[in-house]
Amino acid sequence: MFLRTAYALLRAPGPLIDLRTLAPRLLRLPPSCGPVRLVGVDGHAGSGKTTFAGRLAEALGGAPVLHLDDIATHEELFAWLDRLLREVVEPLRRGESAHYRPYDWRLRAFGPSRTLAPAPVILVEGVGAGRSALRPHLARLLWMEVPHEDAWARGRRRDGAPQRDFWEKWVPAERRHFTQDPSEPFAGLLVRQCSDGYEVLPGPAGMPVREPSVTERDGSAPMW
């Protein structure tokens with residue numbers, strides 16, 4: 001009961017945290033994949049992951065962003081894990097550049113090879129970025145806190161009629177994925193989009209379960 005109450009309080013509206021404040025905190029995290037701090041940005045389709053990741057990348061001084069839309073395909077909406085581990089995660093873990101071929105959703109084919117060099121922080125953005133097999137390689141997982149029905153409605157409006165058939169297949173596939181392999185319970189941070197920016201709050205995996213330090217008792221609680 002205490003933990004549920006504490007988490008509810010943590011999710012209550014709080015002060016806006018500027019991305020320029022979040023960025024250095026991510027840079028201070030220990031590397032999680034060789035020399036790289038992989039930071040996952042997960043959430044329902046249409047929740048604003050791509051826009052948020054782009055702005056966070058800018059705040060990080062131009063950090064690379066790996067879009068999982070470049071990894072998934074029509075035939076492999078969520079069955080891309082082995083390819084991602086082989087082509088991207090394992091090379092980065094060895095301190096080497098990764099090479100992968102982004103998928104073209106219009107042509108339904110893979111494009112030319114793209115290089116992803118090791119960097120202090122690399123953002124991995126997309127539905128499934130926090131799946132269980134990737135979490136051991138992540139320095140931090142962020143979850144876009146948008147209800148699934150709201151996110152899907154936004155995504156449908158964004159993509160329009162040409163993608164209606166795709167969304168009919170996507171919604172049940174995403175439901176199955178998050179039922180079998182949820183990400184939100186393991187997020188260290190929750191991200192809410194506001195009218196004037198983003199609000200970043202501790203997530204389920206970021207709840208303190210220890211006595212607060214002197215600094216925290218003074219009112220300077222860390223984000224994680």
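Treat the numbers as computed from the prediction; the structure is a model and nothing was measured.
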* Output, in order, the C-alpha distance, side-chain angles, deciding distance and verdict of ring pair (Phe, Tyr, Trp, His ring centres under 6.0 Å) for Phe166 and Trp105. => CA-CA 11 Å; Phe166 171 79; Trp105 289 84; 5.7 Å; yes
* To do: Kindly indicate, with the supporting measurements, whether the criterion side chain to side chain contact (heavy atoms under 4.5 Å, CB included) is fulfilled by Tyr198 and Arg55.
  => CA-CA 10 Å; Tyr198 292 94; Arg55 294 181 181 176; 3.7 Å; yes
Nearest non-hydrogen partners of [X] and [Y], listed with the distance:
X      : Y      : answer
Pro182 : Pro185 : CB-CD, 3.9 Å
Leu189 : Arg140 : CD1-CG, 4.3 Å
Ala139 : Leu29  : O-CD1, 3.9 Å
Phe52  : Leu22  : CZ-CD2, 4.3 Å
Cys33  : Val89  : SG-O, 3.5 Å
Pro35  : Leu92  : CD-O, 3.5 Å

* To do: Could you point out which residue of Glu174, Lys49, His148 forms a side-chain hydrogen bond (donor to acceptor under 3.5 Å, both in side chains) with His44?
  => Glu174
To the nearest 0.5 Å, what is the distance between [atom1] ([X]) and [atom2] ([Y])?
X      : Y      : atom1 : atom2 : value
Leu141 : Phe186 : CG    : CZ    : 9.5 Å
Leu116 : Asp70  : CG    : CG    : 10.5 Å
Tyr103 : Glu75  : OH    : CD    : 5.0 Å
Leu68  : Trp80  : CG    : CH2   : 4.5 Å
Lys169 : Leu77  : NZ    : CG    : 8.5 Å

Check for a donor-acceptor pair, side chain of [X] on one end and backbone N or O of [Y] on the other, with a separation under 3.5 Å.
X      : Y      : result
Arg154 : Gly46  : yes
Asp104 : Ala109 : no
Ser32  : His137 : yes
Arg83  : Ile71  : yes
Arg101 : Gly111 : yes
Asp42  : Ser183 : no
Arg20  : Ala59  : no

Min side-chain heavy-atom separation [X]-[Y] under 4.5 Å:
X      : Y      : answer
Arg135 : Asp181 : yes
Leu190 : Pro204 : yes
Leu66  : Tyr100 : yes
Leu123 : Leu60  : yes
His67  : Thr50  : yes
Val124 : Val88  : no

* Contacts of Arg175 that satisfy salt bridge (Lys or Arg N to Asp or Glu O under 4.0 Å) - sequence neighbours left out -> Glu149
* Trace of the side chain to side chain contact (heavy atoms under 4.5 Å, CB included) decision for Arg131 with His177 -> CA-CA 9 Å; Arg131 62 196 305 174; His177 169 72; 4.1 Å; yes
* Asked: What orientation do Trp143 and Phe178 show, parallel under 30°, tilted 30 to 60°, or perpendicular over 60°?
  -> perpendicular
* **Check: Trp167/Gln163 side-chain N/O donor and acceptor closer than 3.5 Å** => no
* To do: Given side chain to side chain contact (heavy atoms under 4.5 Å, CB included), test Leu27 with Val121 step by step and report yes or no.
  => CA-CA 7 Å; Leu27 285 166; Val121 174; 3.6 Å; yes
* Asked: Would Glu90 and Arg93 pass as an ion pair if we require N to O under 4.0 Å?
  -> yes
* Kindly check if the number of other-residue, nucleotide or ligand heavy atoms within 6.0 Å of CZ (Arg158) is above 12? => yes
* Cluster link Leu56 to Val146, ILVMFWY, side chain under 4.5 Å -> no
